[in-house]
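Note on naming: letters A, B, ... go to the chains in the order of the sequence lines (proteins, then strands), and numbering restarts at 1 for each one.
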2 protein chains.
Amino acid sequence: MRELGSSQPTAVELEILRILWELGSSPVREIHARLAEAKGTNYSTTVKMLSVMLTKGLVKRNEDATPHIYRAAMTRERAAKKFLTELIEKVYDGSAMSLVLQALASGKASKLEIDEARKLLDEMEGKS
Amino acid sequence: MRELGSSQPTAVELEILRILWELGSSPVREIHARLAEAKGTNYSTTVKMLSVMLTKGLVKRNEDATPHIYRAAMTRERAAKKFLTELIEKVYDGSAMSLVLQALASGKASKLEIDEARKLLDEMEGKS
DNA sequence: TTGACTTAGCGAAACCTTTCGCTTACATTG
DNA sequence: CAATGTAAGCGAAAGGTTTCGCTAAGTCAA
């Protein structure tokens with residue numbers, strides 16, 4: 001038995017999560033509209049994917065409502081943190097904060113973002 | 001046809017890459033020793049995985065030597081950057097530096113790492 | 001050269017993810 | 001209550017990853 005919520009979401013799963021993060025709680029039809037736009041897949045496929053994701057604990061749903069309303073089980077921020085932690089764990093052997101930053105460093109970061117980042121580092125230092 | 005080097009490495013692939021990053025260039029036997037230690041898989045499996053990864057462009061090898069010597073096609077740093085960029089692209093819609101930092105923020109980061117990070121931010125600012 | 005051992009590779013099985021056809025259930029409206 | 005349209009779900013096909021058995025080729029020492 002697979003542990004709930006323990007696995008990296010697969011490609012399509014991540015795509016659906018992102019739709020849910022953007023749209024907020026939504027019925028299948030709306031999720032499907034977005035997914036089909038990007039991939040041209042069938043309605044059944046979306047339903048099935050959501051059911052798989054439900055089993056894996058990646059999404060939750062309200063079954064009282066009709067149609068059922070789905071939502072992401074994690075916030076985008078939590079997910080980002082989780083994926084990132086796993087990434088670091090897998091690529092390096094755990095703590096590798098500065099190296100990850102280095103990875104980011106070549107990307108485009110606005111002045112604003114850099115300032116925000118500084119603030120964050122200050123906070124982090126306070127805590128540790 | 002799949003573009004070379006365009007896909008996220010799968011679980012086992014990443015495991016092998018990490019072994020190669022740690023060990024440096026190595027013959028199958030040594031890679032296998034490490035992999036088997038962690039997973040208990042067969043020698044054939046390691047050979048096959050390496051051949052798959054060769055096709056995908058994730059590893060390279062020197063065929064003149066016997067036994068063949070494999071090496072990672074990317075440095076750990078490059079890979080980390082690539083994966084991270086893809087992660088950001090997928091979880092957010094691109095640039096999300098501060099959010100990624102936030103993701104990191106709750107993790108354990110040493111004073112040293114935080115200082116290094118600050119230096120990096122200074123450099124980044126200089127460039128932009 | 002033969003036998004024992006190491007290395008390389010193929011092809012298929014096993015397994016997981018993604019896709020969809022088809023069926024059943026539900027709701028609405030004439 | 002039909003008839004029509006929407007929603008949910010199952011099971012199997014299609015496609016990708018991971019595993020390994022088996023074969024063949026290469027190496028080395030007696």
Participant: For the pair made of CD in Glu30(B) and P in dT7(C), what is the distance, rounded to whole Å?
Facilitator: 10 Å

Participant: With DNA chain D as reference, determine whether Ile69(A) or Met49(B) sits nearer its 5' end, using the nearest nucleotide of each.
Facilitator: Ile69(A)

Participant: Without decimals, in angstroms, what is the distance between Asn42(A) CG and dT6(D) P?
Facilitator: 15 Å

Participant: Does some side-chain heavy atom of Met49(B) sit less than 4.5 Å from a side-chain heavy atom of Thr41(B)?
Facilitator: no

Participant: If you only use heavy atoms from C-beta on, which nucleotide in dG21(C), dT19(D), dA8(C) is closest to the side chain of Thr41(B)?
Facilitator: dT19(D)

Participant: What is the distance, rounded to the nearest whole Å, between atom CD of Glu15(B) and atom P of dT17(D)?
Facilitator: 16 Å

Participant: If you look at every strand shown and take non-hydrogen atoms under 4.0 Å, does Thr45(B) touch a base, only sugar-phosphate, or nothing?
Facilitator: base

Participant: Please report, rounded to the nearest Å, how far the P atom of dT17(C) is from the NZ atom of Lys39(A).
Facilitator: 14 Å

Participant: Below the 4.0 Å mark, does dT7(C) have OP1 or OP2 next to a side-chain nitrogen or oxygen of Arg29(B)?
Facilitator: yes

Participant: Base, sugar-phosphate alone, or nothing: which one does Thr10(B) contact when heavy atoms must sit under 4.0 Å apart?
Facilitator: sugar-phosphate

Participant: Quick one: the side chain of Lys48(A) and the base of dG21(C), do they pair up donor-acceptor inside 3.5 Å?
Facilitator: no

Participant: Kindly determine whether Glu22(A) and Arg76(A) satisfy side-chain contact (heavy atoms from CB on, under 4.5 Å), including the steps that lead there.
Facilitator: CA-CA 9 Å; Glu22(A) 277 171 30; Arg76(A) 201 180 210 139; 4.2 Å; yes

Participant: Tell me which of Thr66(A) and Ala11(A) sits closer to the 5' end of DNA chain C, going by the nucleotide each one is nearest to.
Facilitator: Ala11(A)

Participant: Do you know which of Val47(A), Thr46(A), Leu54(A) makes side chain to side chain contact (heavy atoms under 4.5 Å, CB included) with Leu50(A)?
Facilitator: Thr46(A)

Participant: It should be established whether Ser44(A) places a side-chain nitrogen or oxygen under 4.0 Å from OP1 or OP2 of nucleotide dG21(C).
Facilitator: no

Participant: dC20(D) P sits how many Å from His32(B) NE2, rounded?
Facilitator: 9 Å

Participant: So if I take every side-chain heavy atom of Val12(B) and compare against dT19(C), dT18(D), dA7(D), which nucleotide ends up nearest?
Facilitator: dT18(D)

Participant: How long is the line joining OH of Tyr43(B) and P of dC22(D), in whole Å?
Facilitator: 18 Å

Participant: Measure from the side-chain heavy atoms of Tyr70(B) and tell me the nearest of dA8(D), dT17(C), dG9(C).
Facilitator: dG9(C)

Participant: Looking at dT7(C), I'd like to know if its phosphate oxygens (OP1 or OP2) sit under 4.0 Å from a side-chain N or O belonging to His68(B).
Facilitator: no

Participant: Rounding to a whole Å, what distance do you find between Leu54(A):CG and dA8(D):C1'?
Facilitator: 12 Å

Participant: Can you measure Leu50(B) atom CG to dC20(D) atom P for me and round it to whole angstrom units?
Facilitator: 15 Å

Participant: For Val52(A) and Lys56(A), run side-chain contact (heavy atoms from CB on, under 4.5 Å): C-alpha distance rounded to whole Å, both residues' side-chain angles, the deciding distance at 0.1 Å, then the answer.
Facilitator: CA-CA 6 Å; Val52(A) 167; Lys56(A) 290 191 184 171; 4.0 Å; yes

Participant: Honestly curious: do Ile31(B) and Tyr43(B) fall in one hydrophobic cluster under the side-chain, below-4.5 Å linking rule?
Facilitator: yes

